[in-house]
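Okay, structure first, notes after.
Quick note: residue numbers are just sequence positions, from 1.
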Amino acid sequence: MDLLRHLRHFVVVARELHFGRAAEALGIAQPPLSQSIQRLERELAVELFDRSRRQVRLTTAGQLLLGEADELLAGEARLRHLMRRVREGALGVFRAGVPPETPAVTLRALLDRLTASAPGLDVDLHELTSAEQVRMLAERRLDAGLVHHPVQAGGLRFGPPVDVPVGVLLPRASPLARPREVALADLAGLDLVAPPRVTAPGWYDHLLDVCRRRGFVPPRIRPARNPEFIFGLLLAGGAVALEPQALARREPRIAWRPIAGAALLRRTSAAWPDRAAHPAATMFGQLAAEVLAAEEPALPAAVVPSERPWPVLFDATHG
């Protein structure tokens, strides 16, 4: 028996004390309403209405049930509202990953936007590389993440991508920092400081391929993930890094120069499982794209990706 439906019918009749008016208020015919009340009375083994007179009245059982029914139906409404907010991604725990190099201002902006959009959502943020995020998404230990492309993994959906120009990081005192742009071929003989391949294999391979095609084959690749360690290696001399401009803003002794003749972009987007996704995943993807785009300057025309399908293209010029 649908107890809650019968209780809703009972409450309306108890308020109206008239089956005809109650049926009209409920938008149903009077016979089904009478049958619903009779089923409730049989289920509870009591009479709820005194029908012996021309006027319908509540029995003692009916009076007691009315107060309890109101509380039960109010609880049902609260429960349905709660579950709807969970379905919409406004409540519950949301496990998200972000790259280790994500600036504090970006994290703060993203968390502020999530709090404003879903105040009841408990965001469990993890500092993870792209490879770690992809693995944890596949294992369902993460609900969404921010990954660097290309991503060689199936079973994922991606949010709107954000393309950030990658340039040359080098000591400000270096002669190579004097021009406004630096050609990759001019870096010949210098080591390359880069995150280990395991952190983002697709991006790592693409980066080295672009360097090779542009005449820069570093004699040695020095692995580094922590910004302070990267800066230390660069200031020691004999090495450069290829990173977005935001990283250089953390160290005044480091300069950032665009790459001449090669529009190299790093693409980042949210990712989440394409099946049984967390209800907040799409919202996270959209907010992350908005925050990342706001933190970066507008792309110059020379580095805007072509119309080839994303996420295939990361180097806007080939040759």
Side-chain angles (χ1 to χ4, degrees), residues 97-108 110 125-133 145-150 162-212 214-260 262-268 292 295-297 303 314-315:
V98 295
E101 72 276 9
T102 305
V105 64
T106 303
L107 287 178
R108 174 64 185 272
L110 179 57
L125 210 57
H126 299 265
E127 183 185 46
L128 299 165
T129 67
S130 292
E132 290 170 335
Q133 292 182 56
L146 285 178
V147 298
H148 299 317
H149 292 269
V162 176
D163 294 315
V164 178
V166 170
V168 182
L169 288 185
L170 69 170
R172 193 170 293 277
S174 170
L176 290 172
R178 293 172 186 168
R180 292 186 176 181
E181 297 181 332
V182 176
L184 288 178
D186 293 339
L187 305 178
L190 296 174
D191 292 342
L192 177 64
V193 179
R197 183 180 185 276
V198 69
T199 63
W203 169 249
Y204 182 94
D205 293 343
H206 172 72
L207 182 64
L208 292 188
D209 179 62
V210 171
C211 289
R212 177 187 54 79
R214 295 291 172 175
F216 175 39
V217 180
R220 183 170 57 159
I221 299 176
R222 302 184 184 183
R225 290 193 292 184
N226 184 283
E228 295 301 321
F229 189 50
I230 294 174
F231 298 149
L233 292 177
L234 296 182
L235 292 172
V240 295
L242 299 176
E243 297 285 348
Q245 186 177 11
L247 190 61
R249 301 189 188 117
R250 306 186 191 184
E251 172 53 65
R253 293 171 294 175
I254 295 296
W256 183 90
R257 296 292 180 264
I259 298 173
L264 182 61
L265 307 174
R266 187 172 72 183
R267 175 160 286 173
T268 303
L292 291 175
E295 294 297 328
E296 294 296 334
V303 297
F314 304 95
D315 178 15

*Does any N or O in the side chain of Gln133 come within less than 3.5 Å of the main-chain N or O of Leu146, such that one atom is a donor and the other an acceptor?*
yes
*Considering all heavy atoms of both residues, which atom of Ala255 and which atom of Ala177 are nearest to each other, and what is their separation?*
CB-CB, 4.2 Å
*Measure the shortest side-chain to side-chain distance between Leu264 and Leu207 over non-hydrogen atoms and say whether it is less than 4.5 angstrom.*
yes
*Taking the side chain as every heavy atom from C-beta outward, state whether Thr102 and Leu110 have any pair of such atoms under 4.5 Å apart.*
no
*Please tell me if the side chains of Leu184 and Val210 come closer than 4.5 Å, counting only heavy atoms from C-beta onward.*
yes
*asked:* Looking at every heavy atom in both Ser174 and Leu170, which two are closest together, and how far apart are they?
replied: OG-CD1, 3.7 Å
*Quick one: does Val147's side chain get under 4.5 Å of His149's, heavy atoms only?*
yes
_Results of salt bridge (charged side-chain N to carboxylate O under 4.0 Å, His left out) for Arg180 - residues two or more places apart only_ = none
*Pick from Leu176, Val182, Val240: which one makes a side-chain contact (heavy atoms from CB on, under 4.5 Å) with Arg257?*
Val182
*If you round to the nearest 0.5 Å, how far is CG of Asp186 from CD1 of Ile259?*
11.5 Å
*Under the salt bridge (Lys or Arg N to Asp or Glu O under 4.0 Å) criterion, do Arg197 and Asp205 qualify, and how do the steps go?*
CA-CA 8 Å; Arg197 183 180 185 276; Asp205 293 343; 2.7 Å; yes
*Heavy-atom distance under 4.5 Å between the side chains of Trp256 and Val166, does that happen here?*
no
_pair Thr129-Val198: side-chain heavy atoms closer than 4.5 Å_ = no
*asked:* Under the criterion side-chain contact (heavy atoms from CB on, under 4.5 Å), I'd like the reasoning laid out for Arg253 against Leu235: C-alpha separation, chi angles, the key distance, then a yes or no.
replied: CA-CA 8 Å; Arg253 293 171 294 175; Leu235 292 172; 3.5 Å; yes
*Nearest heavy atoms of Leu169 and Ala248, plus distance in Å*: CD2-CB, 3.4 Å
*Please answer whether the main-chain N or O of Ile254 pairs with a side-chain N or O of Arg172 as donor and acceptor at a distance below 3.5 Å.*
yes
*So do Ser130 and Thr199 actually touch side chain to side chain, heavy atoms under 4.5 Å?*
no
*What are the two closest non-hydrogen atoms of Pro100 and Leu128, and how far apart are they?*
CD-O, 3.4 Å
*Find out whether Thr268 and Val164 are in side-chain contact, i.e. whether some heavy atom of one side chain is under 4.5 Å from a heavy atom of the other.*
no
*Identify which one of Arg250, Arg225, His148 satisfies the side chain to side chain donor-acceptor pair (under 3.5 Å) criterion when paired with Glu101.*
His148
*Where is the tightest heavy-atom contact between Ala241 and Ile230, given as atom of each residue plus distance?*
CB-CG2, 4.3 Å
*asked:* Please report the interatomic distance CZ(Arg220) to CG(Leu190), rounded to the nearest 0.5 Å.
replied: 12.0 Å
_Give me the atom names and distance for the closest heavy-atom approach of Leu187 to Phe216._
O-CE1, 3.2 Å
_Once rounded to the nearest 0.5 Å, what's the spacing between atom CG of Leu107 and atom CD of Glu127?_
8.5 Å
